[in-house]
There are 2 protein chains.
Amino acid sequence: MAAQNKGPGGKQPTINDVAALAGVSKKTVSRVINRSEFLTDKTRAAVERAIEQLGFVPNPQARALAFRRNFLIALLHDNPNAQTVLNFQRGVLDAIKDSDLALLVRPVDRGSDKMLDDVRTFLEKQRPIGALLLPPISENDDLAALCENLGVRYVRIGSAPLDDAKHCISSNDREVVAEAVRRLIALGHRRIGFVRGPVGFRSAAERETGFLEALAEAGLDLPPAFNAPGNYRYTAGIEAGEALLSLATPPTAIFCSNDEMAAGVMSVAHSKGVKVPEQLSIIGFDDSPTATHIWPALSTVRWPIHEMGVRAAQTLVPDFLAPGAKVAEGAVLASTFVERQSVAPPSAN
Amino acid sequence: MAAQNKGPGGKQPTINDVAALAGVSKKTVSRVINRSEFLTDKTRAAVERAIEQLGFVPNPQARALAFRRNFLIALLHDNPNAQTVLNFQRGVLDAIKDSDLALLVRPVDRGSDKMLDDVRTFLEKQRPIGALLLPPISENDDLAALCENLGVRYVRIGSAPLDDAKHCISSNDREVVAEAVRRLIALGHRRIGFVRGPVGFRSAAERETGFLEALAEAGLDLPPAFNAPGNYRYTAGIEAGEALLSLATPPTAIFCSNDEMAAGVMSVAHSKGVKVPEQLSIIGFDDSPTATHIWPALSTVRWPIHEMGVRAAQTLVPDFLAPGAKVAEGAVLASTFVERQSVAPPSAN
DNA sequence: TTGTATGCGTTATCAA
DNA sequence: TTGATAACGCATACAA
């Protein structure tokens, strides 16, 4: 059935060909490949010349068999935000560009009760060196434990430290949200609404905490009517916007726990003839493409997702990266508040 | 260096264990695994029982070595639209869910002159069964030829047939664009502007052709001033919007070759106080998240990207899919026009 | 510092 | 229809 898959032309050179040409044993060639330290500069040079000459590329499948480990990194995610996943992918790929590693992508279904079994099967079959866990599944401790048990390295991505520094890359979301809200307060806003993220998400909790901290600092409080539920989806933003903007005394500013919901709130404002930012300031979170595509452009919090991908890969497999590659230190990266046109002082009313 | 990677607990059972338990040779076990037809029902049953009992899972690395082929599908893309890539990924993964295949993702840089070399190295190293090519790199014939030469199957995704039916899945963009424009004309629009896609992209050419066909049918023409250049980016939409809406006699409707540029045009309309859709109808293409996040919601063309992923995978590796899996026929899938709030009859002026 | 023999888990060959 | 034995390409243990 599965036939006709043979590349024409000469076969790829193997380690044996290199050994023969260089006049050494295959083990010596192997040592060169794996950067062993016990080698004469002369032999190393000879082997490298032979490799160059033959255009030899070590066969990853054979190495994987011998190593009992595939030269792969797995990216596990269940993220509704495509741009986030893809930016992170890019970061990882940038980091492993000059290594022998490749990236395996695996979406998982966090809602399924078979999730852990699925991941287990996947990891046992593919035997990657390590796994990168994106939020929200990165918050699942069982998943991290599973990796540990299977001998698969892991690094979790979070909006706050979820694990020790060798197993987690995080951003300082809480602080930056507080900073954004302080900006609203500095502009004169006193009635500030909040649209929450989904229940049980660490990221949502962090954003809410940061929001409340900033309010508390200023001696402001959050009336229950100003505190709208949400789930990171556009429709939740619509509902929150309807609720908040229908109040007798509506907020003059609304912080939304992500951009998508902020877009929903902004739609409602437009529909109701509420001018943004003159009558209503809006802030989101993510700096997704949506943030700049809507009008007026959304002030938001940008988390360094690409850089987190780079950092996560470097943390996961420092020993597989090119020797010269500079590996950055630090497990916490800084998010930044990006101010655009959706924020202004409250109008006198 | 790279050590400590040994999973605790007993080792995985191998084909030898299964053979011993079933009282047959390992080759016979291999035959069962690979669904050979020359087997007694009795032996097969015995082997399957042993497999079940041991929880044996064939080692993909060893198979890859022996087969000289990895059980992987590579997804090659250089697509600015994250949602598209991810939806396609999902489709592919849905299709291969119950198979032994996994998905390798590889972004490439179509701008680089080393692109072909990069892909060659990648394919030679990873030796996937096949590769899926997303637009715009799917339009590169050299890339397809490279796969062919390396014995790597390939399927190209395009907005029009780029290859024979075994090597291409496409949508009928041209027809659907024409349909969308006919809708504008039916509503009474006569001055319809166009924002082009990037030069050299087949998708852009298809959309333009469809647009012009619909205009021609109605006896309308496209004045040069109504024909704005673009590159699928938001900023191009801004520039096009500035140009078109500054005309003494501006268009009453604008078709944009993708949603992102449509969002740009819409921003300009808002800035200039041009009401959408009352004074200006706008149509985009892609049905990206942006289409529903902007206000008013954008009428657009949805291409069946998830389904294309499923179909592409089925076309690429029909022989690796579960025997029971139903494989759909047909290499051309239908895009659909989605009408939302950004379209209305032209106001009398 | 380098080489020899052996193993990794599977499939292919060819004979039985 | 099955089985013994040799690949597959590389790494490891142990010798030299």
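Quick note on labels: first sequence line is chain A, next is B, and so on, each numbered from 1. Keep in mind it's a predicted model, so treat the numbers as computed, not measured.
- DNA chain C is contacted by B/Lys26, B/Lys27 of residues 16-27 of chain B, taking any non-hydrogen atom closer than 4.0 Å.
- Here A/Leu76 contributes atom CG and A/Met115 contributes atom CE; the two are 8.5 Å apart, rounded to the nearest 0.5 Å.
- A close approach under 4.0 Å does not occur between any side-chain nitrogen or oxygen of A/Thr40 and OP1 or OP2 of C/dT1.
- Taking a cutoff of 4.0 Å between a charged side-chain nitrogen and a carboxylate oxygen, B/Arg35 and B/Asp319 do not qualify as a salt bridge.
- In plain terms, the two heavy atoms of B/Arg153 and B/Pro318 that are nearest each other are NH1-CD, 4.3 Å.
- Counting only residues at least two apart or in different chains, salt bridge (Lys or Arg N to Asp or Glu O under 4.0 Å) contacts with residues 124-138 of chain B comprise A/Asp100-B/Lys125, B/Arg120-B/Glu124.
- D/dT12 atom P lies 11 Å from atom CD1 of A/Ile33, rounded to whole Å.
- Among the heavy atoms of the strands lying under 4.0 Å from A/Leu65 is at least one base atom, whether or not backbone atoms are also near.
- Remark: A/Phe67 pairs with A/Phe71 by the ring-ring contact (aromatic ring centres under 6.0 Å, His included) rule, at least two apart or across chains.
- Between C/dT11, C/dC8, D/dT12, one nucleotide has an atom nearer to the side chain of A/Phe67 than all others, and that is D/dT12.
- Atom CZ of A/Arg69 is separated from atom P of C/dG9 by 13 Å (rounded to the nearest Å).
- As a whole-Å value, the separation of B/Phe38 CZ from C/dC14 C1' is 15 Å.
- In terms of the ring-ring contact (aromatic ring centres under 6.0 Å, His included) criterion, residue partners of B/Tyr154 (sequence neighbours excluded) are, by chain and number, B/His167.
- Going from atom CG of B/Leu39 over to atom C1' of D/dG3 covers 12 Å, rounded to whole Å.
- Residue pairs meeting the salt bridge (Lys or Arg N to Asp or Glu O under 4.0 Å) criterion with at least one partner in residues 72-81 of chain B, sequence neighbours excluded, are B/Asp78-B/Arg110.
- Atom CD in A/Gln61 sits roughly 15 Å away from atom C1' in D/dA11 (whole-Å rounding).
- Across residues 45-59 of chain A, A/Phe56, A/Pro58, A/Asn59 each have a non-hydrogen atom less than 4.0 Å from an atom of DNA chain D (numbered order).
- Between A/Arg63 and D/dC10, a side-chain N or O to OP1/OP2 separation shorter than 4.0 Å is absent.
- Around CG of B/Asp41, the count of heavy atoms belonging to other residues, nucleotides or ligands within 6.0 Å does not exceed 12.
- A donor-acceptor contact under 3.5 Å links the side chain of B/Arg31 to the base of D/dG3.
- Remark: C1' of C/dT13 and CG of B/Asn34 are 15 Å apart, rounded to the nearest angstrom.
- A salt bridge links A/Asp141 and A/Arg156; the closest N-O separation between the charged side-chain nitrogens and carboxylate oxygens is under 4.0 Å.
- Taking side-chain N and O atoms only, B/Thr43 has a distance below 4.0 Å to OP1 or OP2 of D/dT2.
- In this structure, B/Ser171 and B/Val332 approach most closely via the heavy-atom pair C-CG1, 4.3 Å.
- In this structure, B/Lys125 places its NZ atom 12 Å from P of D/dC10, rounding to the nearest Å.
- Distances shorter than 4.0 Å separate none of the side-chain N or O atoms of B/Ser30 from OP1 or OP2 on C/dT10.
- When the P atom of C/dT11 is taken as reference, atom CZ of B/Arg35 falls 12 Å away, rounded to whole Å.
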